[in-house]
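Order of listing sets the numbers, starting from 1, for every ligand and every atom in it. Side-chain atoms are counted along with the backbone in the values below, which use heavy atoms only and exclude waters and symmetry mates.
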Amino acid sequence: MLNIALPKGRLGDQVYALLAGAGYDCHEAFDDSRKLVFESKAAGVRYFLVKPSDVAIYVEHGAADIGIVGKDILLESGADVYELLDLGLGRCRMCVAGKNDYVEDTDRTLRVATKFVNIAKRYYSEIGREIEIIKLNGSIELAPILGLSDVIVDIVESGKTLRENKLCVLTEIFPISARFIANRASYKFKGGAIDEMLSKLSAAISKEERV
Ligand code: PRP
């Protein structure tokens, strides 16, 4: 049995649809119930629906053998797992953003609001800029508008949230997409089953890209 942590939401739905099409379906999955575990003995899979930001934790601790997680969450968590495939889904960018008329004062400590504390700290330490982190949990774009921070480090997908709040991208830090990850011990003991799932998943993704 392969234990799979799927992120709740659109990305998880997309990945589940691909896996179900490749023979890993659970007939009862994704109905309107509040159940969080779905399994199919016949297909040899058990799905857990987890909060996207928790996927890497389940996999690192072996509660799930594999998982699907955004590169942003993977880097932020620093989880010790195998990253086996870039699914090319859920594409977006990690960016520094600020007000449209923002001008940096390099003599002052930069105030950075973000959910991604580790990513922000690493980025600014690499470029040698002194910062103060303001950790928020959502609606990050409000911080520069209200003067709580100078800039934000956040995900930009369509760019709509920034535009509608008169903010803009100042620097792109790295591109993001969904990754297939595996627990290190699981990959040792269930490597055959995981590799088979990986190849079926990549085949389903390339087929979808061709359509
Ligand atoms: C994310 C991110 C941005 C927005 C970017 O927020 O933090 O706010 O999406 O998307 P866009 O470029 O397509 O506008 P999310 O919806 O996860 O909500 P949050 O404010 O709770 O972080």
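Atoms of ligand 1 found under 4.0 Å from any heavy atom of K115, numbered from 1 in the order shown, are 19 (P), 22 (O). Each of the atoms 12 (O) of ligand 1 lies under 4.0 Å from some heavy atom of V156. Listed by number with element, the atoms of ligand 1 under 4.0 angstrom from any heavy atom of E141 are 3 (C), 8 (O). Residue-ligand proximity, I155 to ligand 1, at heavy-atom distances under 4.0 Å covers atoms 2 (C), 3 (C), 5 (C). Ligand 1 places these atoms under 4.0 Å from at least one heavy atom of G138: 19 (P), 20 (O), 21 (O), 22 (O).
The neighbour count for E172 CD, taken as heavy atoms of other residues, nucleotides or ligands under 6.0 Å away, is above 12.
Among I68, V69, I66, the one residue that satisfies the side-chain contact (heavy atoms from CB on, under 4.5 Å) test with L6 is I68.
Closest to atom 13 (O) of ligand 1 among all protein heavy atoms lies S158 OG, 2.6 Å. Among protein heavy atoms, the minimum distance from atom 7 (O) of ligand 1 is reached at D154 OD2, 2.7 Å.
Residues satisfying the salt bridge (charged side-chain N to carboxylate O under 4.0 Å, His left out) test with D154, not counting sequence neighbours, are none.
At least one donor-acceptor pair under 3.5 Å links the side chain of N165 to the backbone N or O of T161. Listed for the S40 side chain is a donor-acceptor partner under 3.5 Å among the backbone atoms of A43.
Close N/O approach between G159 and ligand 1 is found [any backbone or side-chain N/O within under 3.5 Å]. Residue-to-ligand polar distances place S139 within reach of ligand 1: an N/O pair is separated by less than 3.5 Å.
Checked against a 6.0 Å centroid threshold, the rings of Y187 and Y82 count as neighbours.
Using a 3.5 Å distance cut-off with no hydrogens or angles, the side chains of T109 and E130 do pair a donor with an acceptor.
Both the backbone and the side chain of T161 come within contact range of ligand 1, each with a heavy atom under 4.0 Å.
At a distance under 4.0 Å, a protein heavy atom can be found next to atom 4 (C) of ligand 1. Within 4.0 Å of atom 15 (P) of ligand 1, not a single protein heavy atom is present.
Stacking of R93 on the aromatic ring of F174 is not recorded, the 6.0 Å distance cut-off and the 45° axial limit not both being met.
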